[in-house]
Amino acid sequence: MILPEQGEPIVVQGITGKFGSLHAGLMLQYGTNVAAGVTPGRKGEKVVGVPVYDKVAQAVAETGARCSIVFVPAPYFYSAVEEAILAGIKLVVAITEHVPIRDELKMIDLARAHDVTVVGPNTPGVILPSRKIKMGIMPAPSFKAGRVALFSRSGTLMYEIANQLTLGGLGQTIALGIGGDPVNGTTMIDWFDWVRTRNDIEGVVAVGEIGGDSEERLARYISETKFPKPIFSYVAGRAAPREKRMGHAGAIIYGDLGTADSKISAFRSAGVQVAMTPSEVATLVGRTLNR
Amino acid sequence: MRLLEYQGKELFEKYGIPIPLSRLVRSASDVSSALKRVGLPAVIKAQVLAGGRGKAGGVVVVSSEGQAEREAGRIMDLRIGGEKTSALLVERASTHTGEMYLSVTLDRSRRSFVLIATSSGGIEVESTKDQVLEPIPVSGLTKAAAESVADRLGLSGSSRDGFVNVAMSLERLVREEECELAEINPLATLPDGSLLALDSKVILDDNALFRHPEFSQLPPEDPLEGEAAKEGFAFVRLDGNIAVVGNGAGLVLSTLDLVADAGGKPACFLDLGGGSQQSRVEAALRLVKKLPSAERILVNIFGGITRTTDVAAGLKNVVNEGPTAPVYARISGAEEEEARKLLADTPVKLYSTAPEAVKAVVGLA
């Protein structure tokens, strides 16, 4: 897993768009080194003071960047990520929503072949407060440096839970959105694996939701590998109907697969402390870590 | 997007998957002319998306024209899982000797498509233990892989050849039309060893529809859901009386849970999306006003990129332009105080936490 160090240059793909330019500015404000933007045909321009290039390869050559955040609209998403990977980018944070599944699977294959970490798509991104790294669209004031790792399938629930952790004096080493789609570039298990040997993390929060079986698989991983840190969870969608897509492409129960109850009971039997409301998460984390 | 059986079968036909001779009719009075083409005995099937169609009486075998007309009339009046059928599929009845199950679907945990087959089809196939499962690379299913599945199912002779063809075609359909799932259940074996797809279940990848404009002609399942989709909202109609509106899918989902835990019943799920402007908040509330079952409206906003003052201004405009169901709002985030001031002289009831707003809207506070 590759994550940027403090001050490391970051490329923004799709920087000239409304959303891309807004967030490039907010990332700069946070202290992240947004060193270059990429939009085909816009070389030579500046957006929020950041030079724009036509190609990722040019941006990489100028800045030495190995991390890119992608705001490119879904129809052009796959070719933008392919370009980044072939230009030598090693971390892609894919904010783009509504990416077709076929494009995601192709992207996962390509990323695997080039040893590239992909966060998302359909993610709010990743924030590392102690490194002043914000590669994402999350509201900065909700996050503070600390010793909790927060991984979430949902963006706003990540903000809401981080906010309450922060208010309760429980800062975060990392907060990262896995993505709301049925398949993700990196999985909860990938990130738990990354967390297990880090001594700057004391507890992990996993925010799940209906759809798929990634929570059940994570629960199995936690038990089987005897995960060495306390884990807390919240799973959204106990009241959701079946066979209906609830906002996220991935949030859908098919038959009996993907219910919140199945995920909650899997977590409980793996020894995870499960909150019944988003606001209960900070209470559970505080009770354990402040003991 | 989920296709109706006949729409799925049209795709099957396009890809060379054998289907029974059939006619689609929109009213019971058209059944007899359909029978002239299809012949007797025939099967009449309600075209609905709801599950449990057979158990609800939506599928019937008929052996005379009179019986067919009576049954067609009865099925047109049925409600299956709350859904009324808008069309009937009249199909030649087949005499088959065996039933298999075959699907190509996204396996989320493997992060690949998989082919799933069993040699014994039927409705309870989800619980079948003797499934044959074959992961499919991005480039597609190879003939060798399809043959290996046929061998593992114990097929031989013409059934084996037929199965390999159907499996290859179904996988190509899923790949080219960009489906999440295409399922044939049952895939019937006829006495001569050939195969026939008796039912279809096809779910398209909504996010790939921009590459398949032909499907965007299909009418939405729910007109209000169609209207919401045009605005870019995620909207799901539910059967309660409290409309739930918020920014972010996970947040709205968790708000439904809070409402249900407090004993309330949500009337809808409406996700405004992140970074919402005032005009979007207004559009969302105007949409909810068209939902007759929404007796109360709960708005849950966590302001981050979405500005709380934009939300408040939007709410204010909509409640000032005419009567709405009572609005209970939790608006939290930067500039929260400004947002409160904007709403001070309106009937909108404001709360600082989601649980407080939920208690109030359910009537416990």
Side-chain angles (χ1 to χ4, degrees), chain A residues 19 22-23 26 74-75 98-106 108-109 124 137-139 141-142 152-160 163 180-184 207 209-214 217 234 236-241 243-251 254-256 260 276-279, chain B residues 2 49-51 106 108-113 126 137-138 175 178-181 203 205-211 233-239 246-261 265-266 269-271 273-275 301-306 332-334 353-355:
Chain A
F19 208 50
L22 166 72
H23 287 288
L26 292 172
H98 304 304
V99 178
I101 291 166
R102 289 268 157 203
D103 293 354
E104 296 184 333
L105 296 179
K106 267 161 70 184
I108 289 167
D109 268 14
I137 60 173
M138 61 290 280
S142 296
S152 176
R153 281 175 65 189
S154 148
T156 32
L157 280 181
M158 177 170 112
Y159 314 160
E160 171 102 60
N163 196 54
D181 286 349
V183 292
N184 317 114
V207 183
E209 63 187 22
I210 52 164
D213 65 349
S214 60
R217 290 167 70 92
Y234 170 73
R238 280 178 288 118
E243 309 276 338
K244 285 280 181 189
R245 206 172 293 278
M246 305 303 281
H248 285 151
Y254 284 130
D256 289 326
M276 281 294 119
T277 64
S279 46
Chain B
R2 169 94 186 264
L49 297 172
L106 176 70
R108 295 169 57 152
S109 6
R110 278 173 204 268
R111 294 188 291 178
S112 83
F113 278 85
E126 282 88 354
V138 170
R175 187 157 30 91
E178 300 197 71
C179 308
E180 264 182 53
L181 164 79
I203 301 173
D205 177 2
D206 292 337
N207 288 342
L209 288 177
F210 71 91
R211 290 195 282 238
F233 300 138
F235 175 88
V236 179
R237 190 196 289 261
L238 301 166
D239 51 12
N247 60 331
L251 185 70
V252 184
L253 207 48
S254 78
T255 313
L256 296 184
D257 293 348
L258 289 176
V259 168
D261 287 345
K265 280 187 171 294
F269 165 105
L270 195 159
D271 172 16
I301 302 289
F302 183 80
I305 303 307
T306 300
S332 151
T353 70

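Throughout, protein chains are lettered first and strands after them, A, B, ... in sequence-line order, and every chain is numbered starting at 1. Given the structure is predicted, the values throughout are model-derived calculations rather than measurements.
Only the backbone of B:Ser112 comes within contact range of chain A, with at least one heavy atom under 4.5 Å from a heavy atom of that chain. Proximity to chain B (any heavy atom under 4.5 Å) is restricted, for A:Lys244, to the side chain, taken from C-beta onward. Using a 4.5 Å cut-off between heavy atoms, B:Leu270 makes no contact with chain A at all. In this structure, the portions of A:Pro182 lying under 4.5 Å from any heavy atom of chain B include both its backbone and its side chain. Contacts of A:Leu105 with chain B are made by both backbone and side-chain atoms, with heavy-atom separations under 4.5 Å. For B:Leu106, the part lying near chain A is the side chain, with the backbone staying farther off; criterion is any non-hydrogen pair under 4.5 Å. For A:Arg217, the part sitting under 4.5 Å from any heavy atom of chain B is the side chain, from C-beta outward, and nothing else. B:Val236 touches chain A through its side chain: at least one heavy atom from C-beta onward sits under 4.5 Å away, while N, CA, C and O do not. Interface remark: B:Leu251 contributes backbone and side-chain atoms alike to the contact with chain A (heavy atom separation under 4.5 Å). Heavy atoms closer than 4.5 Å to chain A are found in both the backbone and the side chain of B:Asp257. Neither the backbone nor the side chain of B:Leu209 comes within less than 4.5 Å of any heavy atom of chain A.
In this structure, A:Arg245 fails the cation-pi test against B:Phe269, since its NZ or CZ atom is not both closer than 6.0 Å to the six-membered ring centre and inside 45 degrees of the ring normal.
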Could you please spell out the steps behind the side-chain contact (heavy atoms from CB on, under 4.5 Å) verdict for B:Glu180 and B:Phe113? CA-CA 8 Å; B:Glu180 264 182 53; B:Phe113 278 85; 5.6 Å; no

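Each of B:Ser254, B:Ala208, B:Pro137, B:Gly246 has some count of heavy-atom pairs under 4.5 Å with chain A, and the biggest count is that of B:Ser254. Interface remark: of the candidates B:Asp239, B:Asp205, B:Val252, B:Asp205 forms the most heavy-atom pairs closer than 4.5 Å to chain A. Of the listed residues B:Ala249, B:Ala260, B:Pro355, the one with more heavy-atom pairs under 4.5 angstrom with chain A than any other is B:Ala249.
A:Asn163 is linked by a side chain to side chain donor-acceptor pair (under 3.5 Å) to A:Ser142, counting only residues two or more places apart in sequence or in another chain. Residues meeting the side chain to side chain donor-acceptor pair (under 3.5 Å) test with A:Asp103, sequence neighbours left out: B:Arg211.
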